[in-house]
Amino acid sequence: MRPVIVILSGSGLSAESGLPTFRDAAGLWRQHSWQELASPEGWRKNPALVLEFYNERRAKAWAAQPNAAHEAMAALETKFDVFVVTQNVDALHERAGSTNVLHVHGELAYARSTGPARKRYRIEAAPIVLGDLCEDGSQLRPDIVWFGEETQHMDVARELVSGADKVLVVGTSLSVYPAAGLVDAARHDAEKVLNSLEMDQVPEGFRFEKGRATEIVPPLIASWLD
Ligand code: NAD
């Protein structure tokens with residue numbers, strides 16, 4: 001059996017692909033209120049504004065390219081069983097070649113029904129506008145987990161982390177729960193590395209590698225592939 005690596009990624013990983021992070025100075029939420037743009041209440045109040053916000057993010061995310069850190073992570077699959085659990089809603093892991101990716105906060109590249117069936121459609125960079133309906137007759141919305149909605153795939157993600165020989169955490173402030181709590185499921189004897197620009201409290205047992213993902217991750221992964 002091949003050793004198992006679980007990667008937990010956040011918006012800092014895609015920062016060097018030109019996509020803004022969540023809480024950094026230039027972060028998205030400093031320019032917009034999350035209540036307006038990323039909550040069921042905001043959607044009820046002004047769906048056109050919410051669609052416009054995500055249409056813009058979707059187009060930008062699709063125009064962005066995977067960076068050297070995404071590519072190094074995909075290359076790990078030559079020697080390890082690799083599972084990516086990402087808070088990112090872009091598709092840069094998949095576009096770099098990673099084959100097992102769980103998106104716990106949803107995906108920009110999909111639209112979904114607002115009816116009970118939650119049917120999903122792959123739309124890639126295409127916009128969603130008012131009047132775009134699912135086959136169940138309901139308005140389509142972004143397939144994004146908004147504040148107050150349930151994070152996806154958490155049970156599988158926790159199980160994957162608890163079975164990993166190595167856990168690599170990149171570009172997340174570990175401040176958005178429950179996704180941030182996944183680090184606690186890591187095994188005592190697993191090799192655990194956390195890369196970000198800063199971290200107030202490094203989770204127990206993790207080695208902190210401070211710096212940009214494109215500088216830290218490729219050499220680290222090269223050493224694992226050696
Ligand atoms: P966050 O903004 O809270 O934290 C970002 C972290 O990345 C910080 O610790 C920062 O130091 C680090 N960082 C910034 N640039 C980096 C770089 N070049 N290399 C390494 N680390 C770097 O982000 P988060 O923890 O992912 O917050 C979670 C929320 O943000 C999720 O809900 C997610 O869906 C959402 N989000 C996703 C995207 C995306 O898909 N690209 C973009 C913005 C926000």
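All ligand and atom numbering here is 1-based and tracks the order in the structure. Throughout, residue positions are numbered sequentially from 1 according to the sequence presented.
Within the 4.0 Å heavy-atom shell around ligand 1 one does not find Ala180.
In Ser173, the parts holding a heavy atom less than 4.0 Å from any atom of ligand 1 are both the side chain and the backbone. Within the 4.0 Å heavy-atom criterion, neither part of Lys60 lies near ligand 1.
Remark: Arg57 fails to qualify as a cation-pi partner of Trp62 under the 6.0 Å distance and 45° angle criteria applied to the six-membered ring.
Crowding of Glu56 atom CD: a count of heavy atoms from other residues, nucleotides or ligands under 6.0 Å not exceeding 12.
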Indicate every side-chain donor-acceptor pair of residues 150-161 with a distance under 3.5 Å to a residue at least two apart or in another chain.
none

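Between the side chains of His188 and Glu204, no donor-acceptor pair is found at a separation under 3.5 Å. Of the N and O atoms on the side chains of Glu16 and Thr214, at least one donor lies less than 3.5 Å from an acceptor on the other residue. Side-chain atoms of Ser11 and Thr21 include no donor-acceptor pair closer than 3.5 Å.
Close N/O approach between Gln87 and ligand 1 is found [any backbone or side-chain N/O within under 3.5 Å]. Here's the thing with Ala15: none of its N/O atoms is less than 3.5 angstrom from an N/O atom of ligand 1. Checked against a 3.5 angstrom limit, the closest N/O atoms of Val170 and ligand 1 fall outside it. Residue Val176 has no nitrogen or oxygen atom sitting less than 3.5 Å from a nitrogen or oxygen atom of ligand 1, judged on distance alone.
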Applying side chain to side chain donor-acceptor pair (under 3.5 Å) to Glu135 and Tyr121, what does each step give before you reach the verdict? CA-CA 10 Å; Glu135 64 205 63; Tyr121 300 89; 2.9 Å; yes
Is there a salt bridge (charged side-chain N to carboxylate O under 4.0 Å, His left out) between Glu36 and Lys45? Walk through the geometry before answering. CA-CA 8 Å; Glu36 276 178 303; Lys45 215 166 127 196; over 6 Å; no
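Listed by first and then second residue, the salt bridge (charged side-chain N to carboxylate O under 4.0 Å, His left out) pairs involving residues 69-91 are Arg2-Asp81 (not counting sequence neighbours).
Counting the atoms of ligand 1 from 1 in the order shown, those under 4.0 Å from a heavy atom of Arg212 are 19 (N). Atoms of ligand 1 found under 4.0 Å from any heavy atom of Ser14, numbered from 1 in the order shown, are 41 (N). Which parts of ligand 1 touch Gly10 is read off a 4.0 Å heavy-atom cut-off, strictly below it: atoms 26 (O). Of all the atoms in ligand 1, the ones that sit under 4.0 Å from a non-hydrogen atom of His105 are 31 (C), 32 (O), 33 (C), 34 (O). Near Gly211, with a cut-off below 4.0 Å to any heavy atom, the atoms of ligand 1 are 19 (N), 20 (C). Near Pro20, meaning under 4.0 Å from one of its heavy atoms, ligand 1 places the atoms 42 (C), 43 (C). Heavy-atom proximity to Glu16, at under 4.0 Å, picks out these atoms of ligand 1: 17 (C), 18 (N), 19 (N).
For atom 41 (N) of ligand 1, the nearest non-hydrogen atom from the set Asn67, Leu19, Asp90 comes from Asp90.
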